[in-house]
Amino acid sequence: MKVTSISRKAFERLERMQLSRNVRNTEAVIYDYSTRLSPTQKVFKKLHHQNGPVFGNKLFTLEMLDSNKDHLPPYFCIPDSLVTVGGVVQGFTLPKIEGRNLADVLMDSKEPVENQIFYLKKVGQMLEQMERIRKNTSLTDMFISDLHESNFIVNEKNHELYVIDLDSCKIKDNQPSPSKYLTPKTLVNAVQGKYQFAEKDCPTYGYVVADENSDLFCYTMMFLNYVYGENAANLNLEQYYEYLSYLRKIGYSENFLNALQTIVIPQKNENISQYLDELTPEQIYRSRESVYQHVKKRV
């Protein structure tokens, strides 16, 4: 992988990017980064961990992404260079994607529901394409792993959705990374033997070894957080089934409900993207946690 060197003085002149409060970022500081020699705008992700197993795993993941980038679609934002500051590797650059974070799009009450559903469907379509990549290329074991709304950028000019933060993905023999929806406190623990948990003292702090089921679990959580308006992953199993029963009452189809149920039963998870067009704005509004709790109090 290419290495770019900058001086400490040059680093101090970089401007820190201001991220929305809806954007989750726990492992790095993000800077605007550009040089006279590069016509492409970039960002510099300066990692908090710059030694130890977490850093070593990150470097291996970056190298595997670089080595296999020809297998990946153009909307995957692949890191393109390690960056040394004063001779020490402190992070990496990647292309800067102009647009809005998907988390902001989904949280924007003024955003048309049709647009929000359009981009949520694109996430599901991306997962379908990844399945084809695993079947038809030598990249047989790549999964997004830390799949959540903050890790996508919406380009509203070309209506494309870009995947960012791929340095936390599962690829080749790397170690699991932490994931927003794959933690000891979420529904991923509801089914024994379905999801592959990392070693108890995983040196890279990942809780689940990502696979197709875990990526689809996270995608389902993304959708549920959108309609619920809160972190639905923190519901316990009984609460989750109660919520699914409520969704049935407000008109969700049986096929859609069965797909939502797959994440907590011992069978392969289903990609819910095919059902999203069924929803009406009224159903989405009535799916909100505030409305749901109000209805429960009245029963």
Side-chain angles (χ1 to χ4, degrees), residues 71-77 97 99-107 111-137 139 142-156 158-166 168-170 179-182 186-188 194-195 208 210-229 231-233 240 244 247 252-265 267-281 283-284 287:
H71 296 312
L72 299 174
Y75 55 83
F76 274 37
C77 191
I97 307 299
R100 297 171 66 196
N101 193 280
L102 181 59
D104 290 329
V105 173
L106 296 178
M107 293 285 288
E111 187 73 26
V113 166
E114 298 79 15
N115 289 353
Q116 295 169 327
I117 292 297
F118 174 80
Y119 290 112
L120 278 172
K121 282 182 62 180
K122 274 190 167 289
V123 177
Q125 291 161 2
M126 176 270 295
L127 291 176
E128 289 174 349
Q129 184 169 7
M130 288 191 67
E131 184 178 7
R132 293 192 292 271
I133 289 171
R134 290 192 294 269
K135 288 181 178 178
N136 300 313
T137 76
L139 194 54
M142 181 180 176
F143 305 93
I144 299 297
S145 184
D146 189 20
L147 194 156
H148 60 84
E149 43 283 310
S150 294
N151 282 347
F152 296 88
I153 298 290
V154 170
N155 184 318
E156 294 171 304
N158 63 9
H159 306 292
E160 188 56 271
L161 187 70
Y162 292 86
V163 189
I164 58 175
D165 279 358
L166 284 167
S168 295
C169 75
K170 171 70 179 76
S179 174
K180 177 180 178 179
Y181 295 128
L182 305 176
T186 68
L187 275 170
V188 77
K194 178 170 185 175
Y195 302 101
V208 170
D211 60 12
E212 185 176 357
N213 273 333
S214 69
D215 272 4
L216 289 171
F217 174 91
C218 292
Y219 177 45
T220 300
M221 286 299 115
M222 278 182 62
F223 164 74
L224 288 171
N225 278 3
Y226 163 64
V227 294
Y228 193 63
N231 193 348
Y240 187 62
L244 292 187
L247 297 183
Y252 279 58
S253 72
E254 286 302 315
N255 286 337
F256 197 172
L257 291 167
N258 289 338
L260 291 172
Q261 182 180 266
T262 58
I263 65 169
V264 293
I265 60 176
Q267 70 179 57
K268 183 179 178 181
N269 288 345
E270 190 171 345
N271 190 321
I272 63 171
S273 62
Q274 61 187 308
Y275 305 110
L276 299 186
D277 283 333
E278 297 179 2
L279 296 177
T280 66
Q283 284 175 310
I284 291 172
S287 302

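Because the structure is predicted, anything quoted here is derived from the model rather than measured.
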Any donor and acceptor pair, going by atom type alone, linking the side chain of [X] with main-chain N or O of [Y] inside 3.5 Å?
{"X": "Asn225", "Y": "Ala232", "result": "yes"}
{"X": "Gln116", "Y": "Val105", "result": "yes"}
{"X": "Lys194", "Y": "Gln267", "result": "yes"}

- Check Thr137 against Ile133 and note the closest heavy-atom contact, atom names and distance.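 So the two residues come closest at OG1-O, 2.8 Å.
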Just so I know, are the side chains of [X] and [Y] near enough to count as touching, which here means a heavy-atom distance under 4.5 Å?
{"X": "Asn151", "Y": "Val163", "result": "no"}
{"X": "Val154", "Y": "Tyr162", "result": "no"}
{"X": "Phe143", "Y": "Glu131", "result": "no"}
{"X": "Val113", "Y": "Thr280", "result": "no"}
{"X": "Leu72", "Y": "Met142", "result": "yes"}
{"X": "Leu127", "Y": "Leu216", "result": "yes"}
{"X": "Tyr226", "Y": "Ile284", "result": "yes"}
{"X": "Ser214", "Y": "Val188", "result": "no"}

- CA sep, side-chain torsions, deciding dist, call: Glu278, Ser253, side chain to side chain donor-acceptor pair (under 3.5 Å): CA-CA 8 Å; Glu278 297 179 2; Ser253 72; 2.8 Å; yes
- Item | Residues that Lys180 engages under salt bridge (charged side-chain N to carboxylate O under 4.0 Å, His left out), provided they are two or more places apart |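 By the salt bridge (charged side-chain N to carboxylate O under 4.0 Å, His left out) rule, Lys180 matches Glu149.
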- Query: salt bridge (charged side-chain N to carboxylate O under 4.0 Å, His left out) with Glu212: which residues, sequence neighbours excluded?
  - Reply: Lys268
- Message: Looking only at the aromatic ring of each residue, does the gap between the centers of Phe256 and Phe223 stay below 6.0 angstrom?
- Response: yes
Can you tell me how far the [atom1] atom of [X] sits from the [atom2] atom of [Y], to the nearest 0.5 Å?
{"X": "Asn269", "Y": "Ile265", "atom1": "CG", "atom2": "CD1", "result": "8.5 Å"}
{"X": "Ile164", "Y": "Asn101", "atom1": "CD1", "atom2": "CG", "result": "5.5 Å"}
{"X": "Leu106", "Y": "Phe152", "atom1": "CG", "atom2": "CZ", "result": "10.5 Å"}
{"X": "Ser150", "Y": "Met222", "atom1": "OG", "atom2": "CE", "result": "9.0 Å"}
{"X": "Thr220", "Y": "Gln261", "atom1": "OG1", "atom2": "CD", "result": "12.0 Å"}
{"X": "Ser179", "Y": "Asp146", "atom1": "OG", "atom2": "CG", "result": "4.0 Å"}

- Residues Ile153, Leu161; criterion side chain to side chain contact (heavy atoms under 4.5 Å, CB included); working and verdict: CA-CA 6 Å; Ile153 298 290; Leu161 187 70; over 6 Å; no
[X]: which residues meet the side-chain hydrogen bond (donor to acceptor under 3.5 Å, both in side chains) condition with it, sequence neighbours left out?
{"X": "Asp215", "result": "none"}
{"X": "Ser273", "result": "Asn271"}
{"X": "Tyr240", "result": "none"}
{"X": "Asn213", "result": "none"}

- Message: List the residues meeting side chain to side chain contact (heavy atoms under 4.5 Å, CB included) with Ser287, not counting sequence neighbours, and say none if there are none.
- Response: Val227, Tyr243, Leu247, Ile250, Tyr252
- Message: Suppose we screen for ring pair (Phe, Tyr, Trp, His ring centres under 6.0 Å). Which residues come up paired with Tyr195, at least two apart in sequence or across chains?
- Response: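 Partners of Tyr195 under the ring pair (Phe, Tyr, Trp, His ring centres under 6.0 Å) test: Phe217.
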- Query: Under the ring pair (Phe, Tyr, Trp, His ring centres under 6.0 Å) test, which residues partner Tyr181, sequence neighbours left out?
  - Reply: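 Once residues adjacent in sequence are excluded, Tyr181 has no partner under the ring pair (Phe, Tyr, Trp, His ring centres under 6.0 Å) criterion.
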- Query: side chain to side chain contact (heavy atoms under 4.5 Å, CB included) between Ile144 and Phe76: does it pass, once the steps are laid out?
  - Reply: CA-CA 11 Å; Ile144 299 297; Phe76 274 37; 4.3 Å; yes
- Take Gln129 and Met126, measure what side chain to side chain contact (heavy atoms under 4.5 Å, CB included) needs, and give me the verdict at the end. CA-CA 5 Å; Gln129 184 169 7; Met126 176 270 295; 5.7 Å; no
Using residues 118-125 as the side-chain source, report each donor-acceptor pair under 3.5 Å to any protein atom, sequence neighbours left out, with the distance given to one decimal.
| unit_1 | atom_1 | unit_2 | atom_2 | d |
| --- | --- | --- | --- | --- |
| Lys121 | NZ | Asp277 | OD2 | 2.6 |

- Would you list the pairs meeting salt bridge (Lys or Arg N to Asp or Glu O under 4.0 Å) in which at least one residue belongs to residues 111-120, sequence neighbours left out?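 Those involving residues 111-120 are Arg100-Glu111.
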